[in-house]
Amino acid sequence: MAVAKPTTMVLRRRTRAPKRYSEDEDGLGCYDVYCERCGSGDFGSKLLLCDKCDKGYHLFCLRPILVSVPKGSWFCPSCTNIKQPQLFPLVQTKIVDFFRIRRSSESMENQSNMKKRKRACSLAVSKRKRKLLAYNPTEDPQRRLEQMASLATALKASGTEYSDGLTYRPGMALRSANCAALEKGGMQILPKEDIETLNLCKKMMEKGECPPLMVVFDSVEGFTVQADRYIKDLTIITEYVGDVDYLKNRENDDGDSMMTLLHASNPSKSLVICPDKRSNIARFVNGINNFSPDGRKKQNVKCVRYDVNGECRVLLIANRDIRKGERLYYDYNGYEHEYPTEHFV
């Protein structure tokens with residue numbers, strides 16, 4: 001019988017634990033691989049083997065846990081000597097350049113105009129019960145620098161460029177493909193007043209008035225986001241952004257942060273957001289454990305897709321009041337229910 005040639009799936013064999021005892025074609029014995037953390041050889045499909053020492057670790061036993069098999073070679077904590085991420089310099093000029101913050105008198109003029117529009121909007125839409133709210137930036141400029149430096153630290157550590165909008169790259173989906181009318185079953189339209197609120201949030205971020213959030217590194221959860229001041233229910237936290245691509249191009253992608261953008265009636269036109277190259281703070285908001293009642297209770301943010309002027313957009317919105325110091329969580333399985341969250345804390 002002919003032996004099949006290796007394919008690209010060979011990268012995934014590192015997660016395949018061998019059987020209890022077997023013999024290869026040369027009659028040599030093969031013994032079990034056990035997880036170095038829990039000592040179990042069960043869940044072989046979740047056992048990841050180090051490419052240096054060949055020791056095994058369950059994806060869910062690693063700290064921080066891994067949701068999926070990493071691309072390319074992987075080395076265990078002992079072989080990599082993992083340390084805390086290098087902090088981004090708390091220097092105003094570096095932060096301004098990193099986030100491309102708009103400077104000069106133009107910012108002051110926009111700030112005045114936005115404040116006027118914000119007051120006008122609050123009067124105009126006061127009768128609407130469920131209007132979205134713009135986030136309330138921290139007043140202290142130094143604290144805002146610290147918040148932005150925490151995000152820059154996480155982005156640099158993950159090799160991600162900062163972006164606060166959807167990006168359309170050569171070889172991926174064109175912007176014209178992002179058509180909300182193609183959504184299967186239709187997509188809810190973001191009202192005009194809420195679009196103005198979203199635009200206000202975008203302009204505040206352009207001026208360096210970021211959401212009151214800190215990105216912190218947790219030994220179990222990895223990078224995670226927590227509120228740095230009280231956040232009201234229905235506040236826009238941020239938009240989920242990244243490169244836009246067709247789902248069909250990403251079906252074999254190992255990335256664990258892809259977000260549905262367009263669930264089209266024609267599957268070939270479905271789109272996803274890929275934040276692995278360009279993103280913002282949304283990438284670091286963690287998911288709840290859908291299999292645990294306690295996990296579901298932790299949810300304080302909802303992920304909602306909207307039709308915004310004919311295009312699909314994904315917003316993260318507070319679904320209850322969030323106290324200062326509370327970590328942000330939302331349901332990763334809002335649509336397809338395919339994301340493996342059973343080992344989330």
Side-chain angles (χ1 to χ4, degrees), residues 64 84-102 107 111 114-115 118 132-158 160 162-164 197-241 257 275 279-288 297-304 314-331 345:
Q84 288 286 329
Q86 184 177 357
L87 298 179
F88 192 86
L90 193 60
V91 179
Q92 183 174 6
T93 54
K94 291 183 178 295
I95 292 175
V96 166
D97 291 340
F98 185 86
F99 290 100
R100 300 184 292 278
I101 295 172
R102 200 186 307 170
S107 297
Q111 181 178 7
M114 282 189 289
K115 286 183 178 179
K118 184 178 180 181
L132 299 182
L133 304 175
Y135 64 78
N136 192 9
T138 302
E139 291 87 356
D140 182 7
Q142 180 63 26
R143 188 59 177 173
R144 289 204 303 270
L145 285 178
E146 294 171 5
Q147 293 165 356
M148 299 186 80
S150 73
L151 173 56
T153 295
L155 290 170
K156 292 280 285 185
S158 59
T160 308
Y162 171 73
S163 174
D164 200 38
T197 301
L198 174 60
N199 291 336
L200 171 61
C201 292
K202 293 288 186 178
K203 290 179 179 179
M204 284 194 293
M205 190 64 199
E206 288 176 1
K207 301 190 294 95
E209 295 183 358
C210 59
L213 306 169
M214 292 288 288
V215 184
V216 297
F217 185 79
D218 183 276
S219 60
V220 175
E221 298 183 272
F223 286 111
T224 186
V225 179
Q226 66 184 33
D228 205 34
R229 71 179 303 173
Y230 172 78
I231 298 175
K232 290 183 179 181
D233 183 19
L234 291 178
T235 295
I236 296 177
I237 302 297
T238 189
E239 179 180 3
Y240 203 96
V241 303
S257 299
S279 189
N280 60 7
I281 201 167
R283 180 180 179 181
F284 304 106
V285 179
N286 280 333
I288 62 170
K297 290 178 182 178
K298 293 165 65 174
Q299 182 174 355
N300 50 20
V301 174
K302 61 182 177 180
C303 176
V304 189
V314 181
L315 304 184
L316 298 186
I317 302 167
N319 67 350
R320 62 171 172 82
D321 292 345
I322 303 174
R323 67 182 183 276
K324 180 180 179 180
E326 187 177 351
R327 291 186 177 178
L328 273 55
Y329 295 94
Y330 71 99
D331 187 355
V345 296

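For the numbers below, each heavy atom of this structure counts, side chains included, while hydrogens, waters and symmetry mates do not. No experiment lies behind these values; they were computed from the predicted model shown.
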Hey, what do you get for [atom1] ([X]) to [atom2] ([Y]), rounding to the nearest 0.5 Å?
| X | Y | atom1 | atom2 | answer |
| --- | --- | --- | --- | --- |
| Y230 | T235 | OH | OG1 | 8.0 Å |
| Y329 | I322 | OH | CD1 | 12.0 Å |
| I236 | L198 | CD1 | CG | 5.0 Å |
| I237 | L133 | CD1 | CG | 10.0 Å |
| K232 | L132 | NZ | CG | 14.0 Å |
| F223 | R283 | CZ | CZ | 10.0 Å |

Can you name the one residue among I95, T138, V215 that meets side chain to side chain contact (heavy atoms under 4.5 Å, CB included) with Q147? T138

Partner of Y330 under side chain to side chain contact (heavy atoms under 4.5 Å, CB included), picked from V301, N319, I317, is V301

Walk me through whether V216 and S150 qualify under side-chain contact (heavy atoms from CB on, under 4.5 Å). CA-CA 7 Å; V216 297; S150 73; over 6 Å; no

Taking all non-hydrogen atoms of both residues into account, name the closest pair between [X] and [Y] and its distance.
| X | Y | answer |
| --- | --- | --- |
| K298 | R320 | O-NH2, 3.9 Å |
| T197 | A134 | CG2-N, 3.3 Å |
| V241 | P275 | O-CB, 3.6 Å |
| P137 | M204 | CG-SD, 3.7 Å |
| P212 | R229 | CB-CG, 3.2 Å |

[X] side chain to [Y] backbone, donor-acceptor under 3.5 Å:
| X | Y | value |
| --- | --- | --- |
| D228 | L213 | no |
| Y135 | C201 | yes |
| N280 | E239 | yes |
| D321 | D233 | yes |

Would F217 and T153 count as a side-chain contact (heavy atoms from CB on, under 4.5 Å) here? Give the steps. CA-CA 10 Å; F217 185 79; T153 295; over 6 Å; no

Yes or no on side-chain contact (heavy atoms from CB on, under 4.5 Å) for R100 and Y162, after CA distance, side-chain angles and deciding distance? CA-CA 9 Å; R100 300 184 292 278; Y162 171 73; 3.9 Å; yes

When you compare the side chains of D218 and T224, does any donor N or O come within less than 3.5 Å of an acceptor on the partner? no

Partner residues of D97 under the side chain to side chain donor-acceptor pair (under 3.5 Å) criterion, sequence neighbours left out: R103

Atom NZ of K202: over 12 foreign heavy atoms under 6.0 Å: yes

For E146, I'd like to know if atom CD has over 12 heavy atoms of other residues, nucleotides or ligands within 6.0 Å. yes

Are the side chains of [X] and [Y] in touch, meaning some heavy atoms are under 4.5 Å apart?
| X | Y | value |
| --- | --- | --- |
| F284 | S158 | yes |
| C303 | V314 | yes |
| M214 | R143 | yes |
| M148 | F88 | no |

Verdict with reasoning, R327 to N300, per side-chain contact (heavy atoms from CB on, under 4.5 Å): CA-CA 9 Å; R327 291 186 177 178; N300 50 20; over 6 Å; no

Residue list, ring pair (Phe, Tyr, Trp, His ring centres under 6.0 Å) with Y240, at least two apart or on another chain: none

